[in-house]
Amino acid sequence: MFSGIDFDIKERVKQATDIVDLIGSYLPLRRQGAMFVANCPWHDDKRPSFQINPARQTWTCWVCGIRGDVFSFVMRRENLEFADALKILADRAGIPFTPGGKKIVKGSPDDKQVLYKAMEWAQSLFHDCLLHDEDADLVRSYLATRNLTSDSIVRFGLGFSPLATNWLFDRSRTTNFSPEILEACDLLVKRDQGHGYFERFRGRLMFPIKDTLNRTIAFGGRVVPGIFPAGQEPPAKYVNSRETKLFSKSDNLYGLNLAADETSRTRHLTVVEGYTDVIAVRQAGVQGVVAALGTAINERHIRLLKRYAERVTLLLDGDAAGKKRANEVLDFFVAESLDLRILTLPEGQDPCDFVQQHSGAELQKLIDAAPDALEHKIRYETLGIDLGRDTHAANRALENILQTLAVAPTSLAKTSADVSLRFEQLLARLGREFSVDRESLKKRLAALRSKNQTFESPGHEPEESRRRPPLDLAEKELIELLLINYELVGEIVETVETHEFSPGPLKQIYQCICDSHHDSLDVSFEGLLLILEDSSLKDLVIQLDEQAIAKQSSNGFDVRWQLDVVLAEFEKRKKSAGHRQLIGRLEQKQMDAREEEIALTELLEIMRQRKSISAPTEG
Ligand SMILES: [Zn+2]
């Protein structure tokens, strides 16, 4: 249940993170009395149902019926396990957190916090330069010819790194950013001979690459025609930052910082090929657009996409290379059970051209109607083959298609009626086109599947399967009482043992309370929230605490009386469990004469007690 992370680090991160700040960096917030409200990111929220309680540092969506703290917000929002959410929050708060790693010297090139700051500083210098400097005149007119508006330039934070030698380096002299730090950011590059540095992005239009927390982690730089003197243009039109401590090109996507927010409800992302495509398409009003960073889409990108989308549309330039690329990544998507659509633009057009010649709305229409990936696969594999005559090629094409179908997780077919229906349709269609009966197709598919067993990943449990069974009333009351009167914990832990709880979330919480009390940890509401790492347990604790507070404030509530009632119930259960056990042993004749006599006396005593208790109602 626990990641084994030191309690101290959790506490430091929690203390350094304000829930209003954190959620405010994801959602627009509005103050409402002592609370803040927002539109819930997890349902189609017309009026703000998502409430943040700064005093308790918790959040609740009243419609979804879910609650949590800073950790569970990041866990849900980014689809992460506790340890990864903690890492993000530690990072954000500038708390070094490297489980088992070496100690990082603050302010050194190993210190990610200082690298983030240096990147932010450079980004704003480049941006200001593009907006205001004479040096950037040519770049501004270039952007105008590409029809990029100043709104887009600001939204995407575009910049310009002038041609002047040492432009960035000279400006760093008045900062704390040493050449080593700028080198660790890949802004400066050491010269081969070891003397001095040159600037990686000299004379380029700058596209800052941001992570989902909106931090600049890298740059893409593009040569702008006319900036370099004739004959001196660098060979590469595009240059990206190399991998640094902040940046890995397979773990990030261009535009995801903006797209993730826009698509938190639709869960639909569109992947285009270039940075300017992202900007132009977004400018035309199509939301949720991202691009890979100077590399082909790979498995890690797909896992990243999956955190934000259930459906992904690959928007390809209308050339053969684009179709081939789509075909190459298709198996990854199918294996990850992402709903992949593939949209190929008319011959010779890229998304930029398309939105200029037509409109964003028309592109959106095409995106919404894009055929799914398996359809693309069939078209791609059968292109130019006469299925009736060229049996050899037809067989190979069919085998390739079935191979892709076979990597689809079988559990997928179980989860959605749509998907399994789609699957049946595809098989029927393959049967018709290749003149093969459906049963042999299924057999072949099953054979390929058993060969592919390793493809199937367990993945995350769907939310439904974690829905809570009804909670035991006495167990629930006991936890509630503990939450509002944690000074009772010593007495309660002495009286009620964990095994007296029925298996389920309340037992897990009670176990955690007992263990933590034993380790002298704080088991107040706040302490317990911090100790628990599972977001559904956190949710339950917040809910129980809210209910307990409501009960406490009602008339005539007496903690002591309430506790005695609950403890009496546990006592009664223990007795009747013992009673059942005794009868069982008597029936199975597991006792000698002496034991039997004691047991019978005990049972008689229990029955007598019951009688005397129930006597008044009989009389
Ligand atoms: Zn909601």
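None of these values were measured; they are calculated from a predicted model.
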J.: Show your working on salt bridge (charged side-chain N to carboxylate O under 4.0 Å, His left out) between Glu533 and Lys10 and close with a plain yes or no.
T.: CA-CA 10 Å; Glu533 294 175 359; Lys10 292 201 250 176; 2.9 Å; yes
J.: Are more than 12 heavy atoms from other residues, nucleotides or ligands located less than 6.0 Å from atom CG of Asn176?
T.: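 Atom CG in Asn176 is not crowded, with 12 or fewer foreign heavy atoms closer than 6.0 Å.
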J.: Side-chain contact, heavy-atom cut-off 4.5 Å: Trp167 with Cys129?
T.: yes
J.: Look at atom CD of Glu120 and say whether more than 12 heavy atoms of other residues, nucleotides or ligands are closer to it than 6.0 Å.
T.: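 Atom CD in Glu120 is not crowded, with 12 or fewer foreign heavy atoms closer than 6.0 Å.
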J.: Whether the side chain of Arg204 engages the backbone of Lys237 through a donor-acceptor N/O pair (distance < 3.5 Å, no angle test) should be reported.
T.: yes
J.: Keeping Glu243 on the side-chain end and Lys249 on the backbone end, is there a donor-acceptor pair under 3.5 Å?
T.: yes
J.: With heavy-atom distances below 4.5 Å as the criterion, would you say the side chains of Trp59 and Arg76 are in contact?
T.: yes
J.: Taking the side chain from Glu199 and the backbone from Phe169, do they hold a donor-acceptor pair closer than 3.5 Å?
T.: yes
J.: Side chains of Tyr26 and Glu78: do they bring a donor and an acceptor to under 3.5 Å?
T.: yes
J.: Do other residues, nucleotides or ligands put more than 12 heavy atoms under 6.0 Å from Lys210 NZ?
T.: yes
J.: Verify, without hydrogens or angle tests, whether Ser172 (side chain) and Thr175 (backbone) share a donor-acceptor contact under 3.5 angstrom.
T.: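 No; judged by distance alone, with no hydrogens or angles, the pair does not exist.
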J.: Would you please indicate if the ring centroids of Phe207 and Tyr275 are separated by under 6.0 Å?
T.: yes
J.: Closest heavy-atom contact between Arg77 and Pro41?
T.: NH1-CB, 3.6 Å
J.: Indicate yes or no: at least one non-hydrogen side-chain atom of Leu340 is less than 4.5 angstrom from one of Asp372.
T.: no
J.: Under 3.5 Å, side chain of Ser241 to main-chain N/O of Phe219, donor-acceptor pair present?
T.: yes
J.: Does a side chain donor of either Ser72 or Asp69 reach within less than 3.5 Å of an acceptor in the other side chain?
T.: yes
J.: Taking all heavy atoms of Ala291 and all of Val278, pick out the closest pair and write down the distance.
T.: CB-CG2, 3.5 Å
J.: When you compare the side chain of Leu530 with that of Glu11, does any pair of heavy atoms fall below 4.5 Å?
T.: yes
J.: Would you confirm whether Asp350, through its side chain, and Cys352, through its main-chain N or O, come within 3.5 Å as a donor-acceptor pair?
T.: yes
J.: Please check if any side-chain donor atom of Thr404 sits under 3.5 Å from a side-chain acceptor atom of Lys377, or the reverse.
T.: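 Yes.
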J.: Do Leu269 and Val289 have side-chain heavy atoms sitting under 4.5 Å apart?
T.: no
J.: Side chain of Arg140, backbone of Leu130: donor and acceptor closer than 3.5 Å?
T.: yes
J.: Look at the side chain of Gln57 and the backbone N and O of Pro54, then say whether any donor-acceptor pair between them is shorter than 3.5 Å.
T.: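 Judged by distance alone, yes, a pair lies under 3.5 Å.
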J.: Strictly distance-based, threshold 3.5 Å: is any side-chain N or O of Asp18 a donor or acceptor partner for the main-chain N or O of Asp21?
T.: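 Such a contact is found between Asp18 side chain and Asp21 backbone.
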J.: For Thr263 and Thr266, indicate whether the former's side chain and the latter's backbone hold a donor-acceptor pair under 3.5 Å.
T.: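 No, because the side chain of Thr263 does not come within donor-acceptor range (under 3.5 Å) of the backbone of Thr266.
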J.: So which atom in Gln364 and which in Gln287 form the shortest heavy-atom distance, rounded to 0.1 Å?
T.: OE1-N, 4.3 Å
J.: Check each of Val312, Thr313, Leu316 against Ile342 using the side-chain contact (heavy atoms from CB on, under 4.5 Å) test, and report the only one that passes.
T.: Leu316
J.: Could you tell me if the side chain of Phe198 sits less than 4.5 Å from the side chain of Asn166, heavy atoms only?
T.: no
J.: Any side-chain donor-acceptor pair under 3.5 Å between His301 and Ser250?
T.: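 Absent: no donor and acceptor within the cut-off.
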J.: For this output row, return yes or no: ring centroids of Trp42 and Phe73 closer than 6.0 angstrom.
T.: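 Yes, close enough.
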J.: Verify the ring-centre separation between Phe201 and Phe126: is it less than 6.0 angstrom?
T.: no
J.: Quick one, Asp186 with Lys245, criterion salt bridge (charged side-chain N to carboxylate O under 4.0 Å, His left out). Give me CA distance, side-chain angles, the key distance, then yes/no.
T.: CA-CA 10 Å; Asp186 200 40; Lys245 277 195 177 323; over 6 Å; no
J.: Without placing hydrogens or testing angles, list every side-chain donor-acceptor pair under 3.5 Å for residues 149-158, not counting sequence neighbours.
T.:
from, atom 1, to, atom 2, distance (Å)
Thr149, OG1, Ser152, N, 3.2
Thr149, OG1, Ser152, OG, 3.3
Thr149, OG1, Gln283, OE1, 3.4
Ser152, OG, Gln283, OE1, 2.6

J.: What's the shortest heavy-atom distance between Cys61 and Phe50, and which atoms?
T.: CB-CD1, 4.1 Å
J.: Let me see the working for Asp91 and Tyr116 under side-chain hydrogen bond (donor to acceptor under 3.5 Å, both in side chains), right down to the final yes or no.
T.: CA-CA 10 Å; Asp91 226 25; Tyr116 284 127; 3.1 Å; yes
J.: Does a donor on one side chain sit under 3.5 Å from an acceptor on the other, for Asn79 and Tyr308?
T.: no
J.: Asp135 and Pro162: which non-hydrogen atoms are nearest, and at how many Å?
T.: OD2-CB, 3.9 Å
J.: What are the two closest non-hydrogen atoms of Pro351 and Val272, and how far apart are they?
T.: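 Reported closest heavy-atom pair: CG-CG1, 4.2 Å.
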